[in-house]
Amino acid sequence: MSQIRVRFAPSPTGFFHIGSARTALFNWLYARHTGGVFVLRIEDTDQARNTETFLNIIYDSLTWLGLNWDEGPRVGGDFGPYRQSERASIYREHLGRLQAAGRTYEKDGAVYFRISGEPQVIDDAIRGRVERTEEKDFVIVRSDGNPVFHFVNVVDDITMRITHVIRGEDHLSNTSKHTELFKAFGAPLPVYAHIPLILKQNGPGKMSKRDQGALVEEYQRRGFLPEALVNFLCLLGWSPKDDSEKMPIAEVIRRFDLPGINQTNARFDEKKLAHMNMAYLLELPPERYVKLAREYFARPPAGASAAAAPRANALSADEAYFREVMLLSQPKVKAIEELPAYTACFFTEDFPIDPQARDKVMGKGDPKARLRELAAALQAADFSSDAALEGTVQALAAKNGLGIGDYIHPGRIAVSGTGVGPTFYGLLRVLGRDRVLRRIERFLGAA
RNA sequence: GUCCCCAUCGUCUAGCCCGGCCCAGGACACCACCCUUUCACGGUGAGAACCGGGGUUCGAAUCCCCGUGGGGACGCCA
């Protein structure tokens with residue numbers, strides 16, 4: 001058999017959502033798995049609803065996800081143009097063939113396709129044999145002269161030599177229209193593979209563009225890693241059949257195949273996505289982690305909850321310092337979007353003190369005395385390494401017959417205002433002696 | 001309403017095609033414990049499912065039928 005050719009055919013009529021991304025992904029995976037060709041085709045026949053903005057979002061989202069196309073807009077190919085709005089003459093020519101064969105008629109200014117009425121049988125690669133009879137003639141050219149989806153979709157699949165149509169199950173019922181057209185053109189049917197739908201996580205129905213967490217762009221802005229989102233999406237409707245979940249994309253490509261795709265709709269679960277993202281974030285190389293953090297600080301999504309001042313300070317801070325703060329936080333934080341709040345105490349003296357954490361720590365023993373002892377010890381301490389600071393605190397605790405926790409807990413509150421944060425010694429080292437001592441002093445004065 | 005697809009823990013799923021190894025395995029979430037300077041990671045453990053009813057069979061999560069439930073399509077949207 002000749003080379004496998006698949007296509008992803010979005011229409012730029014709205015934001016790019018998770019369901020579309022997954023369809024694109026499965027097509028891409030199948031092309032890469034088989035050494036075939038992944039075609040991007042823009043279905044922009046609905047002139048009233050298409051926008052250039054939405055078109056660019058499609059390109060950007062696919063690129064961000066790493067789903068590169070072999071043929072299509074921007075890269076060209078032998079079967080272009082790849083935007084339906086530029087293929088009018090091709091559609092005209094094909095319409096002529098249908099007219100010549102007596103398969104069309106006009107009504108109310110629109111062109112109708114005369115169906116055969118025979119049962120349409122498709123041998124779906126995922127669902128098996130599906131039979132459905134198309135019962136009504138349908139419009140293929142609107143009265144305004146623009147061709148309709150069913151018609152252009154089939155004409156393009158024929159002329160672009162598409163061998164496998166991998167698309168959402170919502171198209172399964174449309175397929176009988178499409179096979180009627182294929183037959184009317186005397187063209188062989190492609191292999192169909194109708195993949196299950198992604199259901200919204202709350203409430204009934206399939207996920208749509210307006211649902212919470214539906215937009216690919218949103219994950220990008222929230223600092224998610226594309227490889228994590230892709231990995232998560234791979235597992236929504238496809239399974240490698242053993243217990244593997246987190247896999248490099250090369251491994252998914254190697255193992256992916258149509259028979260491995262499920263038949264049941266899958267509910268989107270943002271918690272599992274978040275977990276996958278964390279797993280990737282923890283092992284991200286430092287350079288990429290810092291870059292991702294900086295991008296997030298520079299352009300947080302609207303409504304992100306973090307004080308503006310420390311965020312601005314972070315951006316104007318010394319690059320090496322910013323890097324150090326972020327890398328100190330990397331092993332502790334589950335998502336990039338936690339970073340501004342998590343690191344705020346590194347970028348401002350005006351950080352809030354968590355009253356609950358303070359009361360808990362300051363309520364037992366004599367924490368003020370411990371803070372004074374800690375401050376005194378830090379006067380002469382070596383701040384050049386975490387290990388040196390650890391030695392200082394350990395020696396102090398040993399000298400006074402106390403546990404290191406007796407110093408660390410109040411110290412953390414005094415220096416960062418919160419009970420949670422990076423390692424205590426890292427916190428001290430990155431903040432530096434002057435700021436640490438000043439903060440302890442201030443805290444003792446206020447307490 | 002008509003037609004089409006589907007049905008295993010709360011969620012994603014393995015097992016189903018080729019019935020016995022499954023009083024059903026993994027992951028997320030949740031809970032407990034351990035690790036630990038906080039938090040997070042990690043480790044250990046607990047709870048948690050074969051939609052219902054009929055068949056077929058020595059034997060059914062697995063095969064068949066019917067119900068029920070979920071999803072989708074029925075546009076001069078794509």
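Proteins come first, then strands; the chains are lettered A, B, ... in the order of their sequence lines, and each starts at number 1. Bear in mind that the values here come from a model prediction, so they are computed numbers and not experimental data.
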Which atoms of nucleotides 69-76 of chain B (N or O only) lie under 3.5 Å from a protein N or O atom, and what are those distances?
residue	atom	partner	partner atom	Å
G71(B)	OP1	G205(A)	N	3.2
G71(B)	O2'	N265(A)	OD1	2.9
G72(B)	OP1	K206(A)	N	3.0
G72(B)	N2	S173(A)	OG	3.2
A73(B)	OP1	K206(A)	NZ	3.3
C76(B)	O2	S143(A)	N	2.7
C76(B)	O2	S143(A)	OG	2.8
C76(B)	N3	S143(A)	OG	3.1
C76(B)	N4	D108(A)	O	2.9

How close or far is atom P of A29(B) from atom CG of L273(A), stated in whole angstroms? 12 Å

Contacts table for residues 327-335 of chain A: side-chain donor-acceptor under 3.5 angstrom, sequence neighbours left out:
residue	atom	partner	partner atom	Å
S329(A)	OG	V325(A)	O	2.9
Q330(A)	NE2	L281(A)	O	2.9
Q330(A)	NE2	L284(A)	O	3.0

Interatomic distance where CG belongs to D44(A) and C1' belongs to A78(B) [whole Å]: 11 Å

Is it true that F15(A) and H17(A) have ring centroids separated by less than 6.0 Å? no

Picking from T23(A), L29(A), L258(A), V191(A), what satisfies side chain to side chain contact (heavy atoms under 4.5 Å, CB included) with I166(A)? L258(A)

Rounded to whole Å, how long is the line connecting atom CD1 of I115(A) with atom C1' of C3(B)? 13 Å

Can you tell me, in whole Å, how much space there is between the P of G75(B) and that of G69(B)? 25 Å

Scan M276(A) against the nucleic acid and name what it touches under 4.0 Å (heavy atoms): base, sugar-phosphate only, or nothing. nothing

When the C1' atoms of G67(B) and C6(B) are considered, how many whole Å apart are they? 16 Å

Which nucleotide, if any, forms a Watson-Crick or G-U wobble pair with G47(B), using both distances under 3.5 Å? none

Numerically ordered, the residues 229-241 of chain A set in heavy-atom contact under 4.0 Å with RNA chain B is L235(A), L236(A), G237(A), S239(A), K241(A)

Could you give the distance separating U38(B) and C51(B) at their C1' atoms, to the nearest angstrom? 47 Å

Measure from the side-chain heavy atoms of N262(A) and tell me the nearest of A14(B), A40(B), C12(B). A14(B)

Under 4.0 Å between a Lys/Arg side-chain N and an Asp/Glu carboxylate O for E390(A) and R429(A)? no

Is it true that the side chains of Q212(A) and K200(A) contain a donor and an acceptor less than 3.5 Å apart? no

Could you check which of C6(B), A78(B), A40(B) has an atom nearest any side-chain atom of T264(A)? C6(B)

Do S11(A) and D44(A) make a side-chain contact, defined as non-hydrogen atoms from C-beta onward lying under 4.5 Å apart? no

Quick note, salt bridge (charged side-chain N to carboxylate O under 4.0 Å, His left out) partners involving residues 397-417 of chain A, not counting sequence neighbours, are none

Taking the C1' atom of each, how far is G15(B) from U8(B), in whole Å? 9 Å

Interatomic distance, R129(A) CZ vs C5(B) P [rounded to whole Å]: 11 Å

Taking the side chain from Q120(A) and the backbone from E118(A), do they hold a donor-acceptor pair closer than 3.5 Å? yes

So does K272(A) reach the base of A29(B) with its side chain, donor to acceptor, closer than 3.5 Å? no

How far, in whole Å, is C5(B) from U44(B) if one measures between their P atoms? 44 Å

Write down the distance between CG (D242(A)) and P (A14(B)), rounded to a whole number of angstrom. 11 Å

Give none if A73(B) has no partner; otherwise give the nucleotide forming a Watson-Crick or G-U wobble pair with it, both distances under 3.5 Å. U2(B)

Check ion pair E169(A)-R22(A) (N to O, under 4.0 angstrom): no

Under 4.0 Å, counting only non-hydrogen atoms across every strand here, what does E43(A) touch: a base, just sugar-phosphate, or nothing? sugar-phosphate

Under 3.5 Å, which protein N or O atoms sit close to an N or O of nucleotides 36-38 of chain B? Give each pair with its distance.
residue	atom	partner	partner atom	Å
U37(B)	O2'	H409(A)	ND1	3.4
U37(B)	O2'	H409(A)	NE2	3.3
U37(B)	O2	R412(A)	NH2	3.2
U38(B)	O2'	G419(A)	O	2.4
U38(B)	O2	G419(A)	O	3.2
U38(B)	O2	G421(A)	N	2.9
U38(B)	O2	G421(A)	O	3.2
U38(B)	N3	R412(A)	NH2	3.2
U38(B)	N3	G421(A)	O	2.9
U38(B)	O4	K332(A)	NZ	2.9

Paired with U38(B) by Watson-Crick or G-U wobble geometry, both distances under 3.5 Å: which nucleotide is it? none

For K334(A) and for A9(A), locate the closest nucleotide of RNA chain B by heavy-atom distance; then report the residue assigned to the nucleotide nearer the 5' terminus. K334(A)

Counting the atoms with a prime plus P, OP1 and OP2 as sugar-phosphate, which does E131(A) contact under 4.0 Å by heavy atoms, base, sugar-phosphate, or nothing? sugar-phosphate

Centres of the W238(A) and F256(A) rings: under 6.0 Å? yes

Partners meeting side chain to side chain donor-acceptor pair (under 3.5 Å) with E349(A) (sequence neighbours left out): R439(A)

Would you please confirm or rule out a distance under 4.0 Å between OP1 or OP2 of C6(B) and any side-chain N or O of Q263(A)? yes

Could you tell me how far apart L281(A) (CG) and G42(B) (C1') are, to the nearest whole angstrom? 17 Å

Using a strict 4.0 Å threshold on nitrogen-to-oxygen distance, state whether E373(A) and R370(A) make a salt bridge. yes

note: H275(A), atom NE2; C30(B), atom P; distance rounded to Å ~ 10 Å

With no hydrogens and no angle check, do the side chains of T159(A) and H94(A) hold a donor and an acceptor under 3.5 Å apart? no

Hey, does the side chain of T45(A) come within less than 4.0 Å of A78(B)'s phosphate (OP1/OP2), counting only N and O? yes

C17(B) and G54(B): how far apart are their C1' atoms, nearest whole angstrom? 23 Å

For atom CD of E270(A) and atom C1' of C28(B), their distance in whole Å: 12 Å

Quick one: does any side-chain atom of R435(A) pair with a main-chain N or O of L431(A) as donor and acceptor, under 3.5 Å? yes

